[in-house]
Trainee: 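Quick one: this structure, given as structure tokens, is what I'll be asking you about.
Throughout, residue positions are numbered sequentially from 1 according to the sequence presented. All heavy atoms count here, side chains included; hydrogens, waters and symmetry mates do not.
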Amino acid sequence: MDNLLHHLFLPRPSNNHKPKLLHHSAFLAYILVFIVTQIIFTIVMKANPQILGLATNINITDLFNEINDKRTENGLGMLHLDEELSTAARAKALDMFSKGYWAHFAPDGTTPWFFIEKVGYKYKYAGENLAKDFADSSQVVMAWMNSETHKKNILDQRFKDVGLAVVNGKLNEEETTLVVQLFGTRSKTNAQVSTVATETPVSIIKNKQTFVSVTPASTLGSSSMFNDLSTVSAYAIGNQNTTMVSNPTFNVFSLTKKLSIALGLFLMILLYIDAAIIFKKKIYRISGNNIAHIVFLLFLMMALYWTRYGAIV
């Protein structure tokens with residue numbers, strides 16, 4: 001047993017003074033195992049998404065607190081978590097899932113303001129930020145703050161209220177988590193005519209003090225997502241329980257990244273031990289530069305560690 005371990009991990013005559021786990025055949029085996037693992041992940045995720053899927057750690061409480069922390073750091077007043085805006089945000093997420101789009105404006109022309117007006121929130125100012133495919137709340141807020149237009153919404157002193165929704169579902173046949181953030185300031189009037197921002201900005205603000213001729217939301221008819229908001233996996237709104245329903249056990253993206261980093265660490269340790277023994281015993285070897293390999297793996301692992309998936313609009 002000892003001879004086998006030495007043969008695998010340490011340079012010696014039996015392995016041509018190079019650990020068997022650092023031979024080309026071993027690297028081929030690593031690649032094959034990685035490919036097979038990804039195939040298994042895909043099969044399991046499709047067969048039982050509750051075991052392996054997008055196990056996110058996004059919740060309304062953390063999003064709300066982090067957003068207000070950013071405002072406090074910039075000398076702004078804290079936002080109020082509004083139940084009506086949260087209901088509208090959840091309805092917007094359902095609309096995107098049901099119609100298969102990822103944008104501020106639906107393909108049929110439905111605007112973000114339709115959902116706000118539908119719940120009875122009379123606003124003077126309104127704005128919207130969207131996010132998807134993130135693993136936790138901090139990643140979402142960080143992405144928004146790194147975007148000038150989204151950051152402008154979060155730090156806009158005109159906004160007094162915020163609504164948040166985190167909803168799991170399938171968008172265009174891909175499992176994902178949508179985060180909808182709606183901002184608002186209540187209006188003292190019941191004006192129904194307002195401007196609609198273009199889709200060019202990635203985050204948008206609506207100001208009801210500037211008037212153009214558009215179709216009032218009251219004439220757009222009913223929308224089915226307001227009739228049964230309880231049938232979707234989502235966080236509750238307001239001060240209710242924020243436990244996500246029907247969330248997978250493992251995050252396939254995070255799991256893949258952790259496995260890749262673990263393999264990189266294993267190879268770095270193996271290369272270091274090999275280099276130390278080669279140097280100590282003064283063994284001359286033509287092929288292989290362990291220091292260069294370690295540096296390469298270090299940069300690769302750093303890139304993997306800092307990789308963030310997700311999108312905002």
Trainee: Going from CD1 on Ile67 to CG on Leu76, what distance comes out if it is rounded to the nearest 0.5 angstrom?
Mentor: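 So the CD1 of Ile67 and the CG of Leu76 are separated by 13.0 Å.
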Trainee: Got a second to check how far Leu263's CG is from Leu259's CG, nearest 0.5 Å?
Mentor: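 Leu263 CG to Leu259 CG: 9.0 Å, rounded to 0.5 Å.
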Trainee: Got a donor-acceptor contact below 3.5 angstrom from the Thr185 side chain to the Lys160 backbone?
Mentor: yes
Trainee: Between Asn68 and Leu79, is there a donor-acceptor pair closer than 3.5 Å when you use the side chain of the first and the backbone of the second?
Mentor: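 Checked: pair present.
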Trainee: Judged by modelled atom types alone, do Tyr121 and Asp161 share a side-chain donor-acceptor pair under 3.5 Å?
Mentor: yes
Trainee: May I ask you to test the Thr111-His104 pair for a side-chain heavy-atom distance under 4.5 Å?
Mentor: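 Side-chain contact under 4.5 Å: no.
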Trainee: In Å, rounded to the nearest 0.5 Å, how long is the span from CG of Leu271 to CD1 of Ile278?
Mentor: 11.5 Å
Trainee: Run the side-chain contact (heavy atoms from CB on, under 4.5 Å) test on Ser260 and Phe34 for me, step by step, so that the C-alpha distance in whole Å, both residues' side-chain angles and the decisive distance to 0.1 Å come before the verdict.
Mentor: CA-CA 9 Å; Ser260 300; Phe34 188 82; 3.4 Å; yes
Trainee: Do Asp95 and Ser98 come within less than 4.5 Å of each other through their side chains, counting heavy atoms only?
Mentor: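 Counting from C-beta outward, Asp95 and Ser98 do come under 4.5 Å.
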Trainee: Is it true that, when you exclude Phe266 itself, more than 12 heavy atoms of the residues, nucleotides or ligands shown sit nearer than 6.0 Å to its CZ?
Mentor: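 Yes.
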Trainee: Return the minimal non-hydrogen interatomic distance between Leu21 and Phe27, and the atom names on each side.
Mentor: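 Nearest pair, atom of Leu21 first, then Phe27: O-CE1, 4.4 Å.
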Trainee: Which atom pair, heavy atoms only, marks the closest approach of Ala89 to Ala165?
Mentor: C-CB, 3.6 Å
Trainee: I'd like to know if the side chain of Asp274 reaches the main chain of Leu270, judged simply by a donor and an acceptor atom lying under 3.5 Å from each other, with no hydrogens or angles considered.
Mentor: no
Trainee: Hey, mind stepping through His293 and Leu22 against side-chain contact (heavy atoms from CB on, under 4.5 Å) and telling me if it holds?
Mentor: CA-CA 11 Å; His293 292 158; Leu22 290 179; over 6 Å; no
Trainee: Between Trp102 (side chain only) and Ala131 (backbone N and O only), is there a donor and an acceptor less than 3.5 Å apart?
Mentor: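 The answer is no, because no donor-acceptor pair under 3.5 Å joins these two groups.
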Trainee: Can you give me the closest heavy-atom contact between Gly184 and Leu85, atom names plus distance?
Mentor: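 Scanning both residues completely, I find the closest heavy atoms to be N-CD1, 3.8 Å.
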Trainee: Considering non-hydrogen atoms only, spot the tightest contact between Phe105 and Pro112 and give its length.
Mentor: CE2-CD, 3.8 Å
Trainee: Tell me, do Lys170 and Thr176 make a side-chain contact under 4.5 Å, heavy atoms counted?
Mentor: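 A side-chain contact is absent here, since even the closest heavy-atom pair is not under 4.5 Å.
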Trainee: For Glu128 and Lys92, what are the C-alpha separation, side-chain angles and deciding distance, and is it a salt bridge (charged side-chain N to carboxylate O under 4.0 Å, His left out)?
Mentor: CA-CA 10 Å; Glu128 180 184 69; Lys92 172 60 181 287; 2.7 Å; yes
Trainee: Identify whether Phe279 and Met268 are in the same connected component of the hydrophobic contact network (ILVMFWY, side-chain heavy atoms under 4.5 Å).
Mentor: no
Trainee: Side chains of Val180 and Leu164: closer than 4.5 Å at any heavy-atom pair?
Mentor: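 With C-beta onward as the side chain, the pair stays apart.
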Trainee: Kindly compute the distance separating OH (Tyr125) from CG (Asp156), expressed to the nearest 0.5 Å.
Mentor: 8.5 Å
Trainee: Test salt bridge (charged side-chain N to carboxylate O under 4.0 Å, His left out) on Glu84 and Lys118 and set out the steps.
Mentor: CA-CA 9 Å; Glu84 288 182 338; Lys118 193 70 178 177; over 6 Å; no
Trainee: Given side chains that start at C-beta, do those of Leu81 and Ile60 come closer than 4.5 Å, heavy atoms only?
Mentor: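 Yes, at least one pair of side-chain atoms sits under 4.5 Å.
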Trainee: Would you sort out whether Val162 and His80 count as a side-chain contact (heavy atoms from CB on, under 4.5 Å), showing the intermediate values?
Mentor: CA-CA 6 Å; Val162 66; His80 165 257; over 6 Å; no
Trainee: Measure the NZ-CG distance between Lys20 and Leu10 for me, rounded to the nearest 0.5 Å.
Mentor: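 If I round to the nearest 0.5 Å, the distance is 15.0 Å.
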Trainee: Check whether Leu297 and Val33 end up in the same hydrophobic cluster, where Ile, Leu, Val, Met, Phe, Trp and Tyr are linked by side-chain heavy atoms less than 4.5 Å apart.
Mentor: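 Not linked; separate clusters.
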Trainee: Spell out, as yes or no, whether a donor-acceptor pair under 3.5 Å connects the side chain of Thr110 to the backbone of Ala106.
Mentor: no
Trainee: Under a single-linkage definition using a 4.5 Å side-chain heavy-atom cutoff for Ile, Leu, Val, Met, Phe, Trp and Tyr, are Met78 and Val141 assigned to the same hydrophobic cluster?
Mentor: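 Looking at the clustering, Val141 is in a separate group from Met78.
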Trainee: Within the side chain of Ser137, is there an N or O that forms a donor-acceptor pair under 3.5 Å with the backbone of Asp62?
Mentor: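 Such a contact is absent between Ser137 side chain and Asp62 backbone.
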Trainee: Under 3.5 Å, is there a donor-acceptor pair between the side chain of His23 and the main chain of Asn15?
Mentor: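 Side chain of His23 to backbone of Asn15: a pair is present.
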Trainee: How far apart are the closest heavy atoms of Ala126 and Ile116, and which atoms are they?
Mentor: CB-CD1, 3.9 Å
Trainee: Taking atom CD of Glu66 and atom CG of Asp136, what is their separation to the nearest 0.5 Å?
Mentor: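 Result: 8.0 Å between the selected atoms.
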Trainee: Measure the shortest side-chain to side-chain distance between Pro19 and Phe9 over non-hydrogen atoms and say whether it is less than 4.5 angstrom.
Mentor: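 In short, these two side chains do not touch, never coming nearer than 4.5 Å.
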Trainee: Between Ser147 (side chain) and Trp144 (backbone), is there a donor-acceptor pair under 3.5 Å?
Mentor: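 No, because the side chain of Ser147 does not come within donor-acceptor range (under 3.5 Å) of the backbone of Trp144.
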Trainee: Given the rule in the side-chain contact (heavy atoms from CB on, under 4.5 Å) test, do Asn65 and Thr61 qualify, once you have shown the distances and angles that lead to the verdict?
Mentor: CA-CA 6 Å; Asn65 290 337; Thr61 300; 3.6 Å; yes
Trainee: Please check if Leu5 and Tyr272 belong to a single hydrophobic cluster, counting links between Ile, Leu, Val, Met, Phe, Trp and Tyr side chain heavy atoms closer than 4.5 Å.
Mentor: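 As far as the 4.5 Å side-chain criterion goes, Tyr272 and Leu5 are connected within one cluster.
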Trainee: According to the salt bridge (Lys or Arg N to Asp or Glu O under 4.0 Å) rule, which pairs have a member within residues 7-16, sequence neighbours left out?
Mentor: none
Trainee: Under 6.0 Å from the CZ atom of Phe296, do we count more than 12 heavy atoms belonging to anything else shown?
Mentor: no
Trainee: State, with a plain yes or no, whether a side-chain heavy atom of Phe159 is found less than 4.5 Å away from one of Ile154.
Mentor: no
Trainee: Do you know the tightest heavy-atom contact between Asn168 and Phe97?
Mentor: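 Nearest pair, atom of Asn168 first, then Phe97: C-CZ, 3.8 Å.
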Trainee: Contact between Gln181 and Leu130 at the side-chain level, heavy atoms closer than 4.5 Å - yes or no?
Mentor: no
